[in-house]
Amino acid sequence: MIQTALREIRRGTAEIIDEARLETLLKNFFEKGETYTVKAGFDPTAPDLHLGHTVLLQKLAAFQKFGGRIQFLIGDFTAQIGDPTGKSETRKKLLPAQIQENAHSYKSQVFKILDPEKTTVVFNADWINPLGAAGMLELTTTYNVARMLERDDFDKRHKAGISISISEFLYPLLQGYDSVHLKSDIEIGGTDQKFNLLMGRHLQRVYEIGKEQSVLMMPILEGLDGVQKMSKSLGNYIAVADEPNEMFGKILSISDTLMWRYYELLSTQTLDAIEALKAGVENGSLHPKKVKESLALEITTRFHSEEAALAAQEEFERVHAQSEIPSEMDEFTLEGPIWIAKALVDCALSPSTSQARREIKQGSVKIDQNKLSDEQYQLEAGEYILQVGKRKFARLKVTQ
RNA sequence: GGUGAGAUACUCAAGUGGCCAACGAGGGCAGACUGUAAAUCUGCUGAUUUUUAUCUUCGAAGGUUCGAAUCCUUCUCUCACCA
């Protein structure tokens with residue numbers, strides 16, 4: 001039992017520091033029913049969670065199954081500093097009302113994965129503000145500049161002559177102090193957080209709280225392209241709030257290699273079950289598309305519902321596998337007769353008439369499922385279904 | 001503060017008076033192939049119903065010239081080295 005738990009906890013992790021202690025915690029849970037705390041920090045900025053973020057959340061959920069109590073920390077104080085990312089951009093200060101609102105929307109998204117019964121949401125301004133100048137000063141005496149510069153990001157910037165604000169040094173210290181205050185047993189975060197996570201151990205030792213947290217680091221999830229990390233700015237993400245059809249389609253569009261990665265980091269299937277799937281694909285008894293579909297179903301179900309996921313699958317089959325038109329699409333009404341290229345622009349299927357012309361020339365434009373080759377084509381009054389490429393559709397009503 | 005280098009389309013990057021709507025690469029879009037995969041191959045990738053044409057674009061504004069991304073002037077910004 002404990003071995004299975006350990007395997008699940010280890011699953012997908014990039015690195016675990018002080019694994020022995022982690023084992024002890026699990027052992028105490030299984031043998032004596034003792035619980036322990038697992039801390040994870042989040043920004044109070046508007047949560048637009050994508051699957052990359054949920055990797056961490058899934059791991060927290062796994063801990064909840066094995067006696068972990070989650071300390072879901074919202075860094076409302078530390079957000080004022082901004083974690084050093086090399087971009088050295090001073091953050092906008094968030095108003096308390098905004099932070100509350102963001103925290104609220106966090107909860108609605110996060111509790112789709114986490115068990116609220118075993119989760120405590122905390123705000124670090126609650127204990128950092130009372131520290132005062134004296135407490136803050138004391139905190140700074142626990143570390144020195146040379147060691148601070150060991151942090152990869154600081155080191156690079158320092159060597160490159162890029163400015164590092166003194167306040168940025170406080171970020172790791174405060175994050176570490178959070179662990180002191182919360183007496184966390186374990187802290188988890190992305191691999192990019194290593195320095196900050198280790199600071200928690202250091203400060204717990206300095207402040208003599210009688211334990212040093214284990215640290216568990218999760219890798220950064222690759223985006224849809226399979227190369228770069230999933231992020232909103234790169235546009236290769238699947239948002240938790242994505243519509244079922246979109247979510248399903250996006251997951252099915254990832255490569256087979258990436259699919260296994262997603263299985264490991266995102267699925268709640270056991271490792272044994274995943275191994276079985278892999279074996280099935282390898283010996284040819286299982287079609288990779290089927291495997292990908294069940295992943296898409298699982299994830300879409302998690303964030304929406306089983307009905308929505310099944311509906312998305314059906315829709316997907318209809319539109320793509322059998323190249324039929326989707327059941328829902330944007331509708332437009334235009335005055336006719338209208339030149340086809342103009343209509344494509346007005347229906348937002350093409351960005352410009354030049355582009356629309358090219359698309360017609362390339363044979364990617366279809367009217368009512370029929371390929372159009374005449375770029376001078378005029379649409380008379382009537383109703384049409386316009387299509388550009390495989391996935392852009394619009395229903396157009398032309399009036400006289 | 002001083003000296004030097006640079007700013008070209010989504011990104012990187014060629015181009016130093018006409019052959020430039022601007023090489024090439026990446027990205028994106030489309031077509032073929034497929035499992036809407038991936039990989040591969042092909043085409044397109046400033047705008048415009050003048051489409052073997054016209055107009056606008058190479059940090060900004062002026063200027064020289066029949067003609068400027070390319071030359072000159074001023075300005076703005078970025079980077080490097082020195083202090």
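Every chain is numbered from 1 and lettered A, B, ... according to where its sequence line falls, protein lines coming before strand lines.
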For [Y], is there an ion pair with [X] - N to carboxylate O distance below 4.0 angstrom?
X        : Y        : result
A:Lys250 : A:Asp242 : yes
A:Arg7   : A:Asp272 : yes
A:Lys65  : A:Asp115 : no

Open item on the list: Say we look at B:U16 and B:U48: how far apart would their P atoms be, to the nearest angstrom?
Closed with: 31 Å
- [ ] Please measure how far the P atom in B:U70 lies from the corresponding atom in B:A21, and state the result in whole Å.
- [x] 15 Å
TODO: Would you tell me if any nitrogen or oxygen in the side chain of A:Arg358 comes within less than 4.0 Å of OP1 or OP2 on B:A47?
DONE: yes
Open item on the list: Just N and O in the side chain of A:Ser364: are any of them under 4.0 Å from OP1 or OP2 of B:G31?
Closed with: no
Task: Centroid-centroid distance, A:Tyr106 to A:Phe72, less than 6.0 Å - done: yes
TODO: Nearest-nucleotide wise, let me know which of A:Lys371 and A:Ile340 is further upstream toward the 5' end of RNA chain B.
DONE: A:Lys371
Task: For atom CG of A:Leu344 and atom P of B:C29, their distance in whole Å - done: 17 Å
Open item on the list: Does A:Gln362 contact B:G43 through a side-chain donor or acceptor facing the base, at a distance under 3.5 Å?
Closed with: yes
Open item on the list: My understanding is that a pair needs two contacts under 3.5 Å, Watson-Crick or G-U wobble. By that rule, which nucleotide pairs with B:A30?
Closed with: B:U42
